[in-house]
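As the structure lists them, so they are numbered: ligands from 1, and atoms in each ligand from 1. Sequence positions, counted from 1, serve as the residue numbers for this chain.
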Amino acid sequence: MADKLPNDLFLPEEKKAWFNHDRFGMFIHWGIYALAARHEWVKSREEIDDAGYQKYFDHFDPDLYDPREWARRAREAGMKYVVLTARHHDGFCLWDSKVTDYKATRTAYGRDLLKPFVEAFRAEGLKIGFYYSLPDWHHPDFTIDMYHPLRNRENVAELNAGRDMKRYAQYLRDQVTELLTGYGQIDIIWFDFSYPGRTYKGLPGKGAADWESLELLKLVRRLAPDIIVNNRLDIETEVPDVLTPEQYTPRTPPTINGRPVTWEMCQTFSGSWGYYRDEDTWKSPEQLLQILIDGVSLGGNLLMNVGPTGRGTFDQRAIDALEAYAGWMKLHSRAIYGAGRSDFEAPDGCRLTQRGNRLYLHIYNWPNRFVHLDGLAGRVRYAQLLHDASEVKWIGASDDPHFVPPVGETTLTLDLPVKKPDVIVPVVELFLKDA
Ligand code: GLC
């Protein structure tokens with residue numbers, strides 16, 4: 001880890017207010033690995049050298065690329081910001097970078113992919129983020145390390161002679177400068193990733209000293225003072241802009257030294273981030289929604305990933321997943337935007353989110369008629385199902401001599417319809433009395 005940094009290199013809470021409010025973003029992993037269609041790490045996993053990987057560059061021609069359609073689908077799904085891989089670990093750049101030829105404008109497609117992307121997503125009202133890889137398996141100065149495609153070559157030492165990580169760190173700064181000065185205001189920069197302390201066959205990982213993270217961060221702050229920077233630069237701080245748990249839901253809200261921090265989980269529809277044709281592990285609509293709701297109920301955001309195809313399209317499975325979000329968010333977004341953790345305790349099989357004096361009960365397991373809310377007796381003014389604004393009544397022990405559950409003085413018992421409403425996760429909206 002690098003030295004501890006002054007807190008003023010990170011954003012004060014008020015500059016992250018939009019992010020904490022918006023809760024839901026779209027991650028997009030797109031590059032020439034979409035042609036291999038078997039994971040964005042294919043070059044490393046299959047130990048493909050530059051010559052072997054060249055066919056994906058040579059055949060990259062996303063003729064159906066229409067970022068306006070991507071942006072529309074993101075907005076309809078309820079996503080409020082987007083983070084696109086401007087460059088992933090294979091080093092291929094979606095923009096017309098001045099410091100490399102390994103870029104979209106030199107492919108058969110021949111055009112910059114980033115400008116129209118930014119314009120389209122801005123036009124739909126989304127905030128803009130760039131993912132930028134710290135490793136680069138194509139750059140001639142990037143030393144062969146534990147994840148590099150050439151890691152198992154006999155002559156690694158020889159191949160590493162002449163590679164210069166100092167020059168590479170300057171390349172990172174040059175490219176980040178292009179990204180933060182050429183596309184208007186960028187709201188998020190998502191660096192990925194650091195792996196110091198790991199080794200493979202004596203080959204080291206990489207971290208802050210390799211990326212020159214402190215200088216990189218200072219540069220970012222100078223060029224874009226309000227930008228949110230994620231926490232993968234290998235820089236130790238008590239106040240990161242945002243923590244980024246990946247592919248799991250934390251059990252409790254993440255904290256640093258006992259203090260709550262802004263956080264965002266990133267997740268996939270099916271496991272890999274880049275387009276993977278044969279992957280058969282797509283999450284169900286219930287799972288997709290529960291990931292979002294679980295995160296918000298713990299006070300966090302969700303960055304949900306789409307891996308577009310080599311033609312530049314979202315495939316049907318991705319469209320279906322986005323539509324599951326769209327259908328639900330259309331009716332339930334006010335249980336998500338501006339909402340977060342509640343101090344009340346959720347009953348079994350449910351989650352709570354809260355925004356001011358509105359409490360949202362997300363019911364994963366539809367109960368047989370009653371749901372019991374401890375601590376809420378006498379605290380609620382009105383309750384309704386959120387999707388159709390139909391009243392939900394509650395009952396007390398005295399209302400019915402046959403009423404069995406010993407609910408206790410402080411428990412509010414909602415009387416729900418026997419049949420589960422026809423939405424993926426039904427939500428009861430409870431209007432709390434002023435404290
Ligand atoms: C990982 C992977 C990567 C993906 C990222 C998203 O660090 O290297 O392929 O882009 O996580 O969080």
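- When the side chain to side chain donor-acceptor pair (under 3.5 Å) test is applied to N231, the partners found at least two apart in sequence or on another chain are T244.
- Near H88, meaning under 4.0 Å from one of its heavy atoms, ligand 1 places the atoms 3 (C), 4 (C), 9 (O), 10 (O).
- D96 contributes no side-chain N or O that, together with a main-chain N or O of T105, makes up a donor-acceptor pair within less than 3.5 Å.
- Less than 4.0 angstrom separates some heavy atom of W190 from each of these atoms of ligand 1: 12 (O).
- Screening residues 81-100 for ring pair (Phe, Tyr, Trp, His ring centres under 6.0 Å), with sequence neighbours left out, gives W18-Y81, F19-Y81, H29-H88, Y33-H88, W41-H89, F57-F92, F60-F92, H88-Y131, H89-W137, H89-F193, F92-Y102.
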Check the pair K330 / E76 against salt bridge (charged side-chain N to carboxylate O under 4.0 Å, His left out), numbers first and verdict last. CA-CA 8 Å; K330 188 169 179 200; E76 284 173 1; over 6 Å; no

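- Of the N or O atoms in R232, one or more lie within a sub-3.5 Å distance of an N or O in ligand 1.
- Of all the atoms in ligand 1, the ones that sit under 4.0 Å from a non-hydrogen atom of Y131 are 10 (O).
- Looking from atom 4 (C) of ligand 1 to the surrounding protein, the closest heavy atom is H29 NE2, 3.4 Å.
- Ranking protein heavy atoms by distance to atom 5 (C) of ligand 1, first place goes to D192 OD2, 3.2 Å.
- At a heavy-atom cutoff of 4.0 Å, ligand 1 is contacted by no atom of Y147, backbone or side chain.
- Taking the ring axis of F142 as reference, the NZ or CZ atom of K206 stays within 45° of it and closer than 6.0 Å to the ring centre.
- If you look at W30 and Y65, their ring centroids are closer than 6.0 Å.
- Residue E40 has at least one N or O atom closer than 3.5 Å to an N or O atom of ligand 1.
- Taking any N or O of W273, backbone or side chain, none lies under 3.5 Å from an N or O belonging to ligand 1.
- Residue contacts with ligand 1 leave out Q247, since none of its heavy atoms falls under 4.0 Å from the ligand.
- Below 30°, between 30° and 60°, or above 60°: for H39 and Y276 the angle between ring planes is above 60°, a perpendicular geometry.
- Looking only at protein heavy atoms, the nearest one to atom 12 (O) of ligand 1 is E246 OE1, 3.0 Å.
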For the pair Y360 and R355, evaluate side chain to side chain donor-acceptor pair (under 3.5 Å) and give the outcome as yes or no after the intermediate values. CA-CA 8 Å; Y360 297 95; R355 178 171 47 83; 2.7 Å; yes

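- One option in Y33, W41, F193, Y195 has a heavy atom closer to atom 2 (C) of ligand 1 than any other, and that option is W41.
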